[in-house]
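Lettering of chains follows the sequences in order, A, B, ..., and the numbering in each one begins at 1.
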2 protein chains.
Amino acid sequence: MSATNTGVPPTERDPSGHPEDCPVREVLDRVGDKWSVLIIVMLGRRTHRYSELDRAIEGISQRMLTLTLRALVRDGLVERTVHASVPPRVDYALTELGRTLLEPLTALDHWANRHRDDIRAARERHDRQQG
Amino acid sequence: MSATNTGVPPTERDPSGHPEDCPVREVLDRVGDKWSVLIIVMLGRRTHRYSELDRAIEGISQRMLTLTLRALVRDGLVERTVHASVPPRVDYALTELGRTLLEPLTALDHWANRHRDDIRAARERHDRQQG
DNA sequence: CGGAATCCTGCGAGATACTG
DNA sequence: CAGTATCTCGCAGGATTCCG
């Protein structure tokens with residue numbers, strides 16, 4: 001992956017112009033919501049149970065935690081394991097597929113860390129010129 | 001970039017548990033919306049003028065095109081150039097910073113292409129078991 | 001403990017019409 | 001051509017309550 005990619009077409013599958021079924025967007029539609037990435041990142045560290053995620057992610061509602069987990073399970077990114085015990089215990093972990101997603105997300109994470117100051121600077125510069 | 005990253009912590013900056021200011025999320029908050037990536041991808045190919053983007057992206061409203069472009073310019077990802085001619089002409093191009101973002105987005109794109117079938121399969125499998 | 005079922009709300013975003 | 005300005009509505013997502 002070259003560092004200087006001037007004119008590298010990110011998607012080759014639509015030379016006609018309008019990338020309607022653009023694969024990047026397809027992922028972002030699934031994972032670009034408010035909580036999915038956060039959960040994936042958490043599960044990337046280790047397996048968590050429901051209540052752990054609930055407490056760790058702070059700000060998420062039970063509703064959204066459930067819905068997001070369900071969607072991730074449905075897409076085969078997360079695996080749900082119910083332990084038949086009392087009190088009940090449910091573990092969530094990344095699947096093999098989910099772990100492969102961690103890689104490009106890490107790339108994005110690195111970009112964010114490297115350039116967050118650039119963005120802040122650009123934003124301030126822009127805002128100072130014309131509120 | 002290793003292919004097998006079992007247990008690689010995607011973000012090292014928050015061992016305490018709750019990644020509230022998670023940098024990945026910060027990027028996704030900016031670029032995970034409906035149109036930003038599409039525009040970035042288009043501008044990654046070449047410079048476009050306003051009306052070209054309007055036609056190419058198909059489905060976007062003038063309102064959203066304007067708003068999205070404005071946000072991208074503000075964050076220093078896109079550069080706006082007004083040519084003093086009549087009729088007026090405005091060109092949009094990626095900045096150097098914007099071009100660096102193309103790289104991790106490409107990584108995500110590759111992931112999408114490699115695994116879109118896996119996701120579809122997992123989804124169908126899941127839906128067939130319990131509609 | 002791990003959810004499911006409702007109710008309610010803000011705002012993301014489309015449609016349409018107008019302007020320098 | 002390259003945008004504003006409104007008006008509108010759907011639905012993502014929060015709060016709350018109940019269930020096995």
Enquirer: Round to a whole Å and report the spacing from OH of B:Tyr50 to P of D:dT4.
Expert: 8 Å

Enquirer: Separation of B:His83 atom NE2 from D:dG3 atom P, in whole Å?
Expert: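 Between P of D:dG3 and NE2 of B:His83: 13 Å.
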
Enquirer: A:Arg46: what forms a salt bridge (Lys or Arg N to Asp or Glu O under 4.0 Å) with it, not counting sequence neighbours?
Expert: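 In terms of salt bridge (Lys or Arg N to Asp or Glu O under 4.0 Å), with neighbours along the sequence ignored, A:Arg46 is linked to A:Glu52.
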
Enquirer: Which nucleotide wins on minimum distance to the side chain of A:Arg80, given the candidates C:dA13, C:dG3, C:dC1?
Expert: C:dG3

Enquirer: Under 4.5 Å between side-chain heavy atoms, counting indirect links through other Ile/Leu/Val/Met/Phe/Trp/Tyr residues: same cluster for A:Val82 and A:Leu69 or not?
Expert: yes

Enquirer: Which heavy-atom pair separates B:Leu108 from A:Val24 by the least distance, and what is that distance?
Expert: CB-CG1, 4.4 Å

Enquirer: Sort out for me which residue in A:Asp91, A:Leu43, A:Ile57 forms a side-chain contact (heavy atoms from CB on, under 4.5 Å) with A:His48.
Expert: A:Leu43

Enquirer: So how far is it from A:Arg128 CZ to A:Glu124 CD, rounded to the nearest 0.5 Å?
Expert: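 Answer for the CZ-CD pair, A:Arg128 versus A:Glu124, is 6.5 Å.
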
Enquirer: Expressed in angstrom and rounded to an integer, what is the separation of A:Arg63 atom CZ from D:dT17 atom P?
Expert: 16 Å

Enquirer: Let me know, please, whether A:Thr66 or A:Pro88 comes out on the 5' side of the other along DNA chain C by nearest nucleotide.
Expert: A:Pro88

Enquirer: What closest approach, in Å, do A:Val37 and A:Val31 show between heavy atoms, and which atom pair accounts for it?
Expert: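 Looks like CG2-O, 3.3 Å.
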
Enquirer: Specify the angle, to 10°, made by the local axes at the two ends of the helix from C:dC1-D:dG20 to C:dG20-D:dC1 when five pairs are taken at each end.
Expert: 50°

Enquirer: Does A:Arg49 put a side-chain nitrogen or oxygen below 4.0 Å from OP1 or OP2 of C:dC1?
Expert: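 So the side chain of A:Arg49 is outside the cut-off, no N or O lying under 4.0 Å from OP1 or OP2 of C:dC1.
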
Enquirer: Quick one: A:Gln62 CD to D:dC19 P, roughly how many Å, whole number?
Expert: 15 Å

Enquirer: Indicate whether OP1 or OP2 belonging to D:dC1 is found under 4.0 Å from a side-chain N or O atom of B:Ser51.
Expert: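 So the side-chain polar atoms of B:Ser51 never come under 4.0 Å of the phosphate oxygens OP1 or OP2 of D:dC1.
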
Enquirer: So if I take every side-chain heavy atom of A:Trp35 and compare against D:dG14, C:dA13, D:dG3, which nucleotide ends up nearest?
Expert: D:dG14

Enquirer: Side chain of B:Met64 only, heavy atoms from C-beta on: which candidate in C:dA13, C:dG3, D:dA2 is closest?
Expert: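 Nearest to the side-chain atoms of B:Met64, counting from C-beta on, is C:dA13.
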
Enquirer: Give the rounded distance in Å between these two atoms: CZ of B:Arg70 and P of C:dG12.
Expert: 14 Å

Enquirer: Can you tell me the distance, in whole Å, between the CD atom of B:Glu52 and the P atom of D:dC1?
Expert: 11 Å

Enquirer: Quick one: B:Leu65 CG to D:dA2 C1', roughly how many Å, whole number?
Expert: 10 Å

Enquirer: What is the distance from atom CG of B:Leu77 to atom CD1 of A:Ile119, rounded to the nearest 0.5 Å?
Expert: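 Going from the CG atom of B:Leu77 to the CD1 atom of A:Ile119 covers 5.0 Å.
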
Enquirer: Roughly how many Å is it from NE2 in B:His48 to C1' in D:dG3, rounded to a whole number?
Expert: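 Rounding to the nearest Å, NE2 of B:His48 and C1' of D:dG3 are 18 Å apart.
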
